[in-house]
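Order of listing sets the numbers, starting from 1, for every ligand and every atom in it.
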Amino acid sequence: MQPFSLCPPQRLRHLRGVLTDIDDTLTAHGEIAPAALASLQALRDAGVPVIAITGRPSGWSEPFALAWPLLAIVAENGAVMLRRDEHGLLQREFSQADERVREANFERLQACAADVLQRVPGACLANDSAGRLTDIAVDHSEFAQLDAIQIAAVCAVMREHGLVATVSSIHINGWIGEHNKLSAAIWAVPALLGEAFDPERWLYIGDSANDQLMFERLPLTVGVANIAQWAPRLQHLPLYVTQAERGEGFAELAQALLRARGSA
Ligand SMILES: [Mg+2]
């Protein structure tokens, strides 16, 4: 990872937009940093679309999809897209359009969650579980503390049940289906902007293990400084790392991008 200050302005100038993680990238302890909120507004004012892609549940994300100056939030790791329509009302779309499939998957997920709680001592479901429509989440660092062995055990039970399992900075998420943060971008960009997703023209910024697919597959990726705590356990690192942590790190990116475009 190189310091983000070394990123040449010409790499930022012609970007179509920004894809961002939420937890510990825009927020700290679930609250958006004032600097990050101001940066989202500045990017919107400059005509730079920002799409957030998060492992957080639909229910948790909905108020923010209405309140924050974002084009949309894709929640539950690519399963649910939330946006404000032209009347200011919330629009919710699912990547799995078949409601009967979603209902059957929901039952399987609850059975897996019960099995995790029974078989991994100390495991508890994330506090935001009530708002989850297409996945389950076990808390490892938000309010609970699980060590690396317990985290691996939770992932193993989820995979035994046929779930995809990923580890974010706070939760272990499990879901059914092929969606992920990259498929979220491939789905959301055409749906929101009416054009194909061109990975060359979108920057991704994140902070932890569940951002690795984006770090691997997008040419221009940035980590906020707090990624350092995860770096030894990551297989794929971002190209650049900001000097500041969390929302201040996002603000550092936004300022450089706006400067490169001549809008700041
Ligand atoms: Mg995160």
Side-chain angles (χ1 to χ4, degrees), residues 1 4 18-33 35-37 39-40 50-58 60-61 64-65 68 70 72-80 82 126-129 131-132 135-146 148 151 154-155 164-175 179-185 188 202-218 221-242 244-254:
M1 294 187 289
F4 177 63
V18 174
L19 304 169
T20 182
D21 172 53
I22 293 182
D23 276 290
D24 295 307
T25 299
L26 296 176
T27 65
H29 311 295
E31 303 261 333
I32 192 162
L37 193 58
S39 297
L40 290 175
V50 181
I51 301 170
I53 306 175
T54 179
R56 285 282 194 173
S58 182
W60 183 93
S61 305
F64 304 123
W68 294 348
L70 289 162
I73 297 178
V74 187
E76 303 188 16
N77 283 303
V80 191
L82 305 161
N127 258 26
D128 60 14
S129 289
R132 296 188 175 273
D135 73 353
I136 54 174
V138 172
D139 190 341
H140 70 75
S141 293
E142 192 177 28
F143 302 104
Q145 269 312 320
L146 297 186
I151 291 173
V154 171
C155 290
V164 174
T166 69
V167 183
S168 80
S169 59
I170 50 174
H171 297 158
I172 306 148
N173 296 87
W175 66 88
H179 57 276
N180 52 45
K181 287 200 174 198
L182 182 61
S183 72
W202 288 82
L203 177 151
Y204 184 82
I205 180 165
D207 76 297
S208 79
N210 71 340
D211 301 309
Q212 289 187 94
L213 179 66
M214 301 303 262
F215 295 152
E216 180 189 2
R217 301 287 282 277
L218 264 58
T221 57
V222 180
V224 283
N226 43 298
I227 197 172
Q229 68 183 96
W230 286 93
R233 280 177 277 172
L234 300 184
Q235 276 179 300
H236 301 285
L237 292 169
L239 193 55
Y240 295 106
V241 61
T242 62
E245 295 192 337
R246 301 184 171 81
E248 285 74 26
F250 183 87
E252 198 178 314
L253 161 74

>> So R56 and I22, do their side chains get closer than 4.5 Å, heavy atoms only?
In response: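 With C-beta onward as the side chain, the pair stays apart.
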> Are V167 and I151 side-chain neighbours, meaning at least one heavy-atom pair lies under 4.5 Å?
Replying inline: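 The answer is yes; the side chains approach within 4.5 Å.
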Measure from the Mg ion (ligand 1) to every N/O/S atom of [X] and report the name of the nearest one.
X: D21; value: OD2
X: D23; value: O
X: D207; value: OD1

> Minimum heavy-atom separation for R132 to G55, with atom names?
Replying inline: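 What the structure gives for the nearest pair is NH1-O, 3.1 Å.
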> Strictly by modelled atom types, are D23 and S169 linked by a side-chain donor-acceptor pair under 3.5 Å?
Replying inline: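 No, because no side-chain N or O of D23 sits under 3.5 Å from a partner of the opposite role on S169.
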